[in-house]
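Order of appearance sets the numbers: ligands from 1, and atoms from 1 within every ligand. One is the number of the first residue; the rest follow in order along the sequence.
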Amino acid sequence: MPGLTIGDTIPDLELDSTHGKIRIHDFLAGPADYVVIFSHPGDFTPVCTTELAAMAGYAKEFEKRGVKLLGISCDDVQSHKDWIKDIEAYKPGNRVTYPIMADPNREAIKKLNMVDPDEKDSSGHLPSRALHIVGPDKKVKLSFLYPACAGRNMEEVLRAVDAVQTAAKHAVATPANWKPGECVVIPPGVSDEEARSKFPQGFDTADLPSGKGYLRFTKVD
Ligand code: BEZ
């Protein structure tokens, strides 16, 4: 079984969190809400502490994009609350204002496809550093899967949100290393004739040896 992946509806789980009970679909209640749901192997661990502090530092940027942050790990709520004091002391000014859900039975991490097959403690498998960007339709748009040994880059998470939201808004795709404001590409299923009406601002077709004209760039707001 491949587990939760792009295009699947995020399971409507209800879990305790540092902000009280959270039901994931209710958390995504606004018509334009996105959620970034991210797991970490364990509380009071070094890489996780740097990651959650970094995420707290980016909270305002996510909010500007209509994105709610939602952490999860297999430690309990009291442990999360105690750990948040360390996280905020490590990066003064980065307040952890987003909720962290508790999954002490490790059932939710299975349903969310966030289990690390290589990391175990006495109670079984730990969560991986998984992250799902979930859209307003409650479907997974993009997932990251990092092992315990590699901390995530929050600038890349933000860039991935920008790419997903730009693609959805304009029915385009974004090229390698794309950043907001740069040219986007017109997807292969769109004919040149359709592209002329969809993109009245025009587009440039890269002149490639194959002559196939499939690499077309345009600008969107
Ligand atoms: C960490 O967050 O530092 C970590 C957690 C589990 C295994 C290795 C590192």
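- Between F38 and Y98, the angle of the ring planes goes over 60°, which puts this pair in the perpendicular group of the 30/60° scheme.
- Salt-bridge annotation for D8 and K139: absent, with no side-chain N of the basic residue lying under 4.0 Å from a carboxylate O of the acidic one.
- Checking side-chain atoms of D103 against main-chain N and O of I109 turns up a donor-acceptor pair under 3.5 Å.
- The side chain of P41, and not its backbone, has at least one atom closer than 4.0 Å to an atom of ligand 1 (non-hydrogen atoms only; side chain from C-beta on).
- Looking at atom 3 (O) of ligand 1, its nearest protein heavy atom turns out to be V47 N, 2.6 Å.
- Counting heavy atoms of neighbouring residues, nucleotides and ligands inside a 6.0 Å radius, atom CD of Q201 exceeds 12 of them.
- Near E119, meaning under 4.0 Å from one of its heavy atoms, ligand 1 places the atoms 7 (C).
- The contact set between ligand 1 and C48, taken as ligand atoms under 4.0 Å from a residue heavy atom, comprises 1 (C), 2 (O).
- Counting only heavy atoms of the protein, atom 8 (C) of ligand 1 lies nearest to A148 CB, 3.7 Å.
- Nearest to atom 4 (C) of ligand 1 among the protein's heavy atoms is R129 NH2, 3.6 Å.
- Relative to the ring axis of F27, K68 places its NZ or CZ within 45° and under 6.0 Å from the centre.
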